[in-house]
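The structure under discussion appears below in the form of structure tokens.
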Amino acid sequence: MKDCSEDIGSRLALRVAAEAEAWEAPRDVEGLAFVDATDMPVLDVGRFLSDPNEEERRRLGAEVRDACERVGFMYLKNHGLSALDRAFAAAREMKSFEEKTALRRGQGFVMSGNRVLPERSTANYNESFIVKRIDTLDDVPWPNDAFRDVVEAMAADYERLAKRILPLYAEAFGMPPDYFLPFFEHPVFRMRLATYDATPPGQFGISPHVDTSFFTLLASTDYSGLVLYSTKKRAWLRALDIPGALVVNTGQLLAQLSNDTWPATRHYVVARAPRISVPFFFNATASVPVPVVPSCVDDDHPAKYPPISYLTSQAAAQGE
Ligand SMILES: O=C(O)CCC(=O)C(=O)O
Ligand SMILES: [Fe+2]
């Protein structure tokens with residue numbers, strides 16, 4: 001009988017090597033290839049948002065599925081976010097605020113060079129203002145009312161869009177369109193207004209990480225500084241800058257609910273020029289446990305996770 005312990009050993013060694021490679025992120029991104037349409041497709045959601053009919057839902061649901069199975073990053077065109085320009089302007093303006101309310105229970109300002117977002121030994125060269133809503137945004141340490149108005153408008157815009165694309169994710173899983181709605185009645189979210197200067201040589205604008213969210217909606221003035229790891233290609237790839245588009249990526253919660261059939265992909269930023277980005281981390285209602293999606297479970301593939309509420313998720317575990 002064949003002894004397969006060596007096989008298992010070498011397979012393990014290969015996996016560990018691939019893991020290490022996947023975290024060894026190049027700071028010099030100039031030589032990296034850009035994503036192509038199979039790594040990061042562009043989905044036009046304009047028609048679906050104005051008329052969420054079955055035909056559009058099925059068409060886009062198939063595209064979401066394909067994107068999420070491959071890399072877990074895609075662009076959305078015609079997303080209809082109306083507060084975006086004001087949010088970019090507010091992010092530009094916040095650099096000059098004289099008083100910056102320090103981070104309080106995960107909310108407030110974080111200065112450039114911090115090692116807390118994400119928590120890494122490498123610094124994150126971006127300055128951010130962070131809000132988080134579990135119940136309300138009243139406990140955010142707002143710097144002033146005008147800034148608050150813009151940030152709240154942006155968050156409301158994002159929340160509306162996030163809920164409206166949930167049926168595409170249900171469709172992608174082959175579930176009824178309203179499958180996710182009961183889990184997202186009062187979703188937890190975090191949002192960051194971030195300004196990046198050109199990243200100092202040898203550093204990161206934001207260090208390599210995976211998001212803890214269900215999914216993340218990301219608007220940026222320049223996507224070309226965003227780099228993601230394709231496990232299929234075993235390569236770090238740069239995002240294309242598609243002005244006006246939005247990026248959507250899978251977080252750890254969604255990856256777990258897919259029973260690990262969809263990846264939560266590693267990514268980081270090296271900014272070659274000043275840029276602004278506004279990520280929105282969308283999560284389920286705090287206290288509602290969400291089970292692994294039933295279509296991802298069968299006798300051969302039992303659920304790897306018990307139902308997960310926001311409070312039991314990685315996001316809560318990491319104070320996010
Ligand atoms: O700024 C960006 O483009 C990406 C930010 C990001 O990955 C994050 O905040 O989790
Ligand atoms: Fe991220």
Side-chain angles (χ1 to χ4, degrees), residues 25-26 29-50 56 59-89 91-92 126 154 157-158 160-162 164-165 168-169 172 191-196 198-199 205-206 208 210-211 213 215-230 232-233 235-251 262-282:
V29 299
E30 290 305 317
L32 297 179
F34 283 94
V35 294
D36 65 28
T38 61
D39 304 309
M40 225 177 136
V42 183
L43 275 63
D44 186 342
V45 290
R47 258 194 301 169
F48 176 73
L49 293 177
S50 56
E56 277 296 276
R59 182 180 73 77
L60 289 165
E63 291 189 12
V64 168
R65 180 186 185 114
D66 196 46
C68 288
E69 283 178 350
R70 279 171 199 268
V71 181
F73 267 82
M74 61 193 145
Y75 297 97
L76 295 191
K77 251 179 32 181
N78 296 318
H79 48 72
L81 292 173
S82 57
L84 212 46
D85 288 342
R86 279 189 297 150
F88 285 157
R92 266 186 207 103
N126 72 82
M154 186 69 244
D157 232 10
Y158 263 145
R160 201 173 317 118
L161 177 64
R164 289 175 74 189
I165 62 174
L168 302 181
Y169 281 78
M191 189 172 81
R192 222 157 63 81
L193 269 69
T195 64
Y196 296 72
T199 307
I206 187 166
V210 296
D211 293 352
S213 55
F215 59 59
T216 303
L217 304 177
L218 170 71
S220 178
T221 55
D222 177 10
Y223 292 112
S224 69
L226 176 66
V227 184
L228 46 116
Y229 189 78
S230 162
K232 295 249 185 308
K233 291 188 175 171
W236 287 100
L237 303 170
R238 286 174 71 188
L240 284 168
D241 189 33
I242 306 187
L246 195 68
V247 164
V248 187
N249 68 279
T250 302
W262 292 3
T265 292
R266 290 151 200 203
H267 55 283
Y268 66 95
V269 168
V270 171
R272 289 166 319 139
R275 73 194 280 276
I276 289 173
S277 76
V278 183
F280 176 84
F281 307 93
F282 189 56

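Residue numbers count from 1 along this sequence.
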>> Test of understanding: with side chain to side chain contact (heavy atoms under 4.5 Å, CB included), list the residues that count as partners of A194, not counting sequence neighbours.
In response: N126, S128, R192, Y196, S277
>> Can a side-chain donor-acceptor contact be found between S220 and D222 if the only test is distance below 3.5 angstrom?
In response: no
> Do D211 and T216 have side-chain N/O donor and acceptor atoms under 3.5 Å apart?
Replying inline: yes
Distance from [X] atom [atom1] to [Y] atom [atom2], nearest 0.5 Å?
{"X": "M40", "Y": "R238", "atom1": "CE", "atom2": "CZ", "result": "13.0 Å"}
{"X": "D44", "Y": "Y75", "atom1": "CG", "atom2": "OH", "result": "15.0 Å"}
{"X": "F215", "Y": "W262", "atom1": "CZ", "atom2": "CH2", "result": "10.5 Å"}
{"X": "L43", "Y": "M74", "atom1": "CG", "atom2": "CE", "result": "6.0 Å"}
{"X": "R275", "Y": "Y223", "atom1": "CZ", "atom2": "OH", "result": "8.5 Å"}
{"X": "S50", "Y": "E56", "atom1": "OG", "atom2": "CD", "result": "8.5 Å"}

Does the side chain of [X] reach to within under 4.5 Å of the side chain of [Y], using non-hydrogen atoms?
{"X": "L81", "Y": "L217", "value": "no"}
{"X": "Y158", "Y": "F282", "value": "no"}
{"X": "L84", "Y": "M154", "value": "yes"}
{"X": "D157", "Y": "S82", "value": "yes"}

>> Could you walk me through whether K233 and D36 satisfy the salt bridge (charged side-chain N to carboxylate O under 4.0 Å, His left out) test, starting with their C-alpha distance in whole Å, then the side-chain angles of each, then the deciding distance to 0.1 Å, before giving a yes or no?
In response: CA-CA 12 Å; K233 291 188 175 171; D36 65 28; 3.2 Å; yes
>> Under the criterion side-chain contact (heavy atoms from CB on, under 4.5 Å), I'd like the reasoning laid out for D39 against R70: C-alpha separation, chi angles, the key distance, then a yes or no.
In response: CA-CA 7 Å; D39 304 309; R70 279 171 199 268; over 6 Å; no
Of the non-hydrogen atoms in [X] and [Y], which two are nearest, and what is the gap between them?
{"X": "T250", "Y": "C68", "answer": "OG1-SG, 3.8 Å"}
{"X": "S230", "Y": "L237", "answer": "CB-CD1, 3.8 Å"}
{"X": "G244", "Y": "H79", "answer": "O-NE2, 2.8 Å"}
{"X": "L76", "Y": "V45", "answer": "CD2-CG1, 4.0 Å"}
{"X": "L246", "Y": "L161", "answer": "CD2-CD2, 3.6 Å"}
{"X": "F280", "Y": "A162", "answer": "CE2-CB, 4.2 Å"}

> Run the side-chain hydrogen bond (donor to acceptor under 3.5 Å, both in side chains) check on S224 and R272 step by step: do they pass?
Replying inline: CA-CA 9 Å; S224 69; R272 289 166 319 139; 3.3 Å; yes
> Knowing that exactly one of V29, I206, V270 qualifies, which makes a side chain to side chain contact (heavy atoms under 4.5 Å, CB included) with T199?
Replying inline: V270
>> Strictly distance-based, threshold 3.5 Å: is any side-chain N or O of Y229 a donor or acceptor partner for the main-chain N or O of A25?
In response: no
>> Could you check whether any side-chain N or O of Y268 sits under 3.5 Å from a backbone N or O of P26, counting only pairs where one atom can act as donor and the other as acceptor?
In response: yes
> Passes side-chain contact (heavy atoms from CB on, under 4.5 Å), T265 versus N249? Steps please.
Replying inline: CA-CA 8 Å; T265 292; N249 68 279; over 6 Å; no
>> Using the rule given for side-chain contact (heavy atoms from CB on, under 4.5 Å), can you reason through F48 versus R164, listing the C-alpha separation, both sets of side-chain angles and the distance that settles it, and then say yes or no?
In response: CA-CA 9 Å; F48 176 73; R164 289 175 74 189; 5.5 Å; no
